[in-house]
Amino acid sequence: MPFESAGCHPGIEKTKKAAWEWAEASELVLSPVAVKKMTRTRPELWISLIFPRASQKHLDLFCQWLFWAFLVDDEFDDGPAGRDPRLCESAIGRLVDVLDGVRAPVGRMEHALDELLARTCVDRPAHWVRQFRRDTAAWLWTYYAEAVDRAAGHVPSTADFVKHRRDSVAMQPFLDLHEITAGIDLPESARSLPAYIALRNAVADHSGLCNDICSFEKEAVLGYEHNTVRLLQRDRGCSLQEAVDEAGILLGRIADRVQRAEKELVQEIEAAGIEGPTRIALERCVADYRGLVRGDFDYHARAERYTRPELTEIEEDGSMSRNFAA
């Protein structure tokens, strides 16, 4: 890990309290197993390591987004909806319709999403809202893709999985949220710079692979095969330890990609003659993304969701959570 830690937000305990209070106010009902899982997940830790200098207001909002996202992840990774394409398509489609503003929310998760959107998108420019909705929808639809894979008995190759994982790790929407707390506004032209795209992709790829390295034991218990370590083992015909070792090497190469993209972005800023607020905004991304990568890395080494796979529990109830009911 070549990047230094930017520290942890001092308001971590306040944001933890705010997240659970928000969930209660949103009438999100968690089973005893789900409560233990969320407690071990520690969304407040991830958000505090990623955004160590955010205002408390932004930290609380972003943690509530993460809390909501982990509920989605656990429902479709571990629950029955992730194994029934029609059920998954219906549930994800409803969420995306609420996200796009074409359908009024019905279920608890839909109402929670609608409320989060209202607080997040206020005063944001239209192009940012489009980007955030596009990135969030792309993440949500990855659950449907995986449900279809499972139903078809299809396991992707490692190479095919890379692009899928770039969306499924859900880092892209949080890179959009970074712009809010950083107080910057990237125009469409800046988002189109090849090196900026490469930088974002490298950050997302690092998070996805780091997550897979730390999750493969837990996911093996659940029979979940969409994991880079498991796919490497399958593709290479190697031992599990050899696959873990190779994944570690690949993680280091992605960190190198982050640094290379940073340098290329500086060159592109000069070549395009970018000045003023846009240049400041891009330079802020270069500076902050390093700490973001390090924070994500540190989180995976500290949260029991990843460090204690033996604590993994499977819900006995085979139905969808009431939070997702239409």
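For reference, positions follow the sequence shown, starting with 1.
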Inset, instruction - State, to 0.1 Å, how close L209 and L251 come at their nearest heavy-atom pair, and which atoms those are. - result: CD2-N, 3.5 Å
Legend entry - Centroid-centroid distance, F51 to F174, less than 6.0 Å: no
Legend entry - Residue pair V98 / P105: nearest heavy atoms and the distance that separates them: CG2-CA, 3.9 Å
Legend entry - Which atom of A182 lies closest to which atom of D288, heavy atoms considered: CB-OD2, 4.3 Å
Inset, instruction - Evaluate the criterion side-chain hydrogen bond (donor to acceptor under 3.5 Å, both in side chains) for residue pair N201 and R257; output intermediate values, then yes/no. - result: CA-CA 9 Å; N201 287 344; R257 280 174 46 204; over 6 Å; no
Inset, instruction - Give the other cluster members for L231, using side-chain heavy-atom distances under 4.5 Å between Ile, Leu, Val, Met, Phe, Trp and Tyr residues; answer none if it is isolated. - result: V155, F161
Legend entry - Any R294 side-chain heavy atom under 4.5 Å of M1 side chain: yes
Inset, instruction - Measure across W128 and D176 and return the closest heavy-atom pair with its distance rounded to 0.1 Å. - result: NE1-O, 3.0 Å
Legend entry - Distance, nearest 0.5 Å, that separates CZ of R53 from NE2 of H58: 15.0 Å
Legend entry - Electrostatic pair E270:R279 at N-O distance under 4.0 angstrom: yes
Inset, instruction - Using the rule that two of Ile, Leu, Val, Met, Phe, Trp, Tyr join whenever any of their side-chain heavy atoms come within less than 4.5 Å, decide whether V35 and L66 are in one cluster. - result: yes
Legend entry - Interatomic spacing from NE2 in H9 to OG1 in T15 - rounded to 0.5 Å: 8.0 Å
Legend entry - Step-by-step side-chain hydrogen bond (donor to acceptor under 3.5 Å, both in side chains) determination, Y143 to D77: CA-CA 8 Å; Y143 293 106; D77 275 0; 5.2 Å; no
Inset, instruction - Would you check if there is a donor-acceptor pair between the side chains of R133 and T136 at a distance under 3.5 Å? - result: no
Legend entry - W139 with I197, same ILVMFWY side-chain cluster at under 4.5 Å: no
Inset, instruction - State, yes or no, whether a side-chain contact exists between F67 and T41 at a heavy-atom distance under 4.5 Å. - result: no
Legend entry - M38 side chain near W20 side chain, heavy-atom distance below 4.5 Å: yes
Legend entry - Where V229 and N227 come nearest, the two heavy atoms and their spacing: N-OD1, 2.8 Å
Inset, instruction - Mind telling me whether F76 and F324 have parallel, tilted or perpendicular rings, with 30° and 60° as the class edges? - result: perpendicular
Inset, instruction - Without swapping roles, check the side chain of E89 against the backbone of P85 for a donor-acceptor pair under 3.5 Å. - result: no
Inset, instruction - Give a yes or no on this: more than 12 heavy atoms of other residues, nucleotides or ligands lie within 6.0 Å of atom CD of Q56. - result: yes
Legend entry - Pairwise distance NE2(H300) to OG(S207) - rounded to 0.5 angstrom: 5.5 Å
Inset, instruction - Could you give me the CA-CA distance, side-chain angles and deciding distance for E44 and R42, then say whether salt bridge (Lys or Arg N to Asp or Glu O under 4.0 Å) is met? - result: CA-CA 5 Å; E44 73 282 353; R42 300 185 68 190; 3.7 Å; yes
Legend entry - Rounded distance [0.5 Å steps], CG in L240 versus CG in D245: 9.5 Å
Legend entry - Check: Y289 and H178 side chains under 4.5 Å, non-hydrogen atoms: yes
Legend entry - Stepwise side-chain contact (heavy atoms from CB on, under 4.5 Å) check, E27 with H111: CA-CA 10 Å; E27 299 183 343; H111 278 286; over 6 Å; no
Inset, instruction - Identify whether the distance between the nearest side-chain nitrogen and carboxylate oxygen of E246 and R236 falls below 4.0 Å. - result: yes
Legend entry - For W22, all residues meeting ring pair (Phe, Tyr, Trp, His ring centres under 6.0 Å), sequence neighbours excluded: none
Legend entry - Intermediate values then yes/no, salt bridge (Lys or Arg N to Asp or Glu O under 4.0 Å), R119 and D60: CA-CA 11 Å; R119 284 191 287 142; D60 291 352; over 6 Å; no
Inset, instruction - Please indicate whether E24 has more than 12 foreign heavy atoms, meaning atoms of other residues, nucleotides or ligands, lying under 6.0 Å from its CD. - result: no
Inset, instruction - Working to the nearest 0.5 Å, report the span between CZ of R94 and CG of L113. - result: 12.0 Å
Inset, instruction - Give the cluster check for I184 versus I274: same hydrophobic cluster or not, with ILVMFWY residues linked at side-chain heavy-atom distances below 4.5 Å. - result: no
Inset, instruction - State, yes or no, whether a side-chain contact exists between D205 and M171 at a heavy-atom distance under 4.5 Å. - result: no
Legend entry - W65 and W68 aromatic ring geometry - parallel, tilted or perpendicular at 30°/60° bounds: perpendicular
Inset, instruction - I would like to know whether T158 and D235 meet side-chain hydrogen bond (donor to acceptor under 3.5 Å, both in side chains); could you show each step before the answer? - result: CA-CA 7 Å; T158 307; D235 286 357; 2.6 Å; yes
Inset, instruction - Would you indicate whether the side-chain heavy atoms of L71 and R108 approach each other to under 4.5 Å? - result: no
Legend entry - Check: L186 main-chain N/O paired with H127 side-chain donor or acceptor under 3.5 Å: yes
Inset, instruction - Following the transitive rule for hydrophobic clusters with a side-chain heavy-atom cut-off under 4.5 Å over Ile, Leu, Val, Met, Phe, Trp and Tyr, establish whether V162 and V169 coincide in one cluster. - result: no
Legend entry - Within-4.5 Å side-chain heavy-atom neighbours: E188 and R130: yes
Legend entry - Nearest heavy-atom neighbours spanning H226 and P156: NE2-CD, 3.9 Å
Legend entry - Separation of T228 OG1 from R230 CZ (nearest 0.5 Å): 12.5 Å
Legend entry - Crowding at CZ, R86 (>12 non-hydrogen neighbours, <6.0 Å): no
Inset, instruction - Check step by step if side-chain contact (heavy atoms from CB on, under 4.5 Å) holds for S321 and M109. - result: CA-CA 10 Å; S321 164; M109 285 294 281; over 6 Å; no
Inset, instruction - Could you walk me through whether E13 and K17 pass the salt bridge (Lys or Arg N to Asp or Glu O under 4.0 Å) test, one step at a time? - result: CA-CA 6 Å; E13 290 303 319; K17 183 173 182 288; over 6 Å; no
Inset, instruction - Assess whether side-chain contact (heavy atoms from CB on, under 4.5 Å) is satisfied between T181 and L177, documenting all intermediate values. - result: CA-CA 7 Å; T181 194; L177 292 176; over 6 Å; no
Legend entry - R134 vs Q172 side-chain heavy atoms within contact, under 4.5 Å: no
Inset, instruction - Begin from the C-alpha positions of R305 and F70 and carry the test side-chain contact (heavy atoms from CB on, under 4.5 Å) through to its verdict. - result: CA-CA 11 Å; R305 181 184 179 96; F70 272 122; 3.8 Å; yes
Inset, instruction - Give the cluster check for L292 versus I12: same hydrophobic cluster or not, with ILVMFWY residues linked at side-chain heavy-atom distances below 4.5 Å. - result: yes
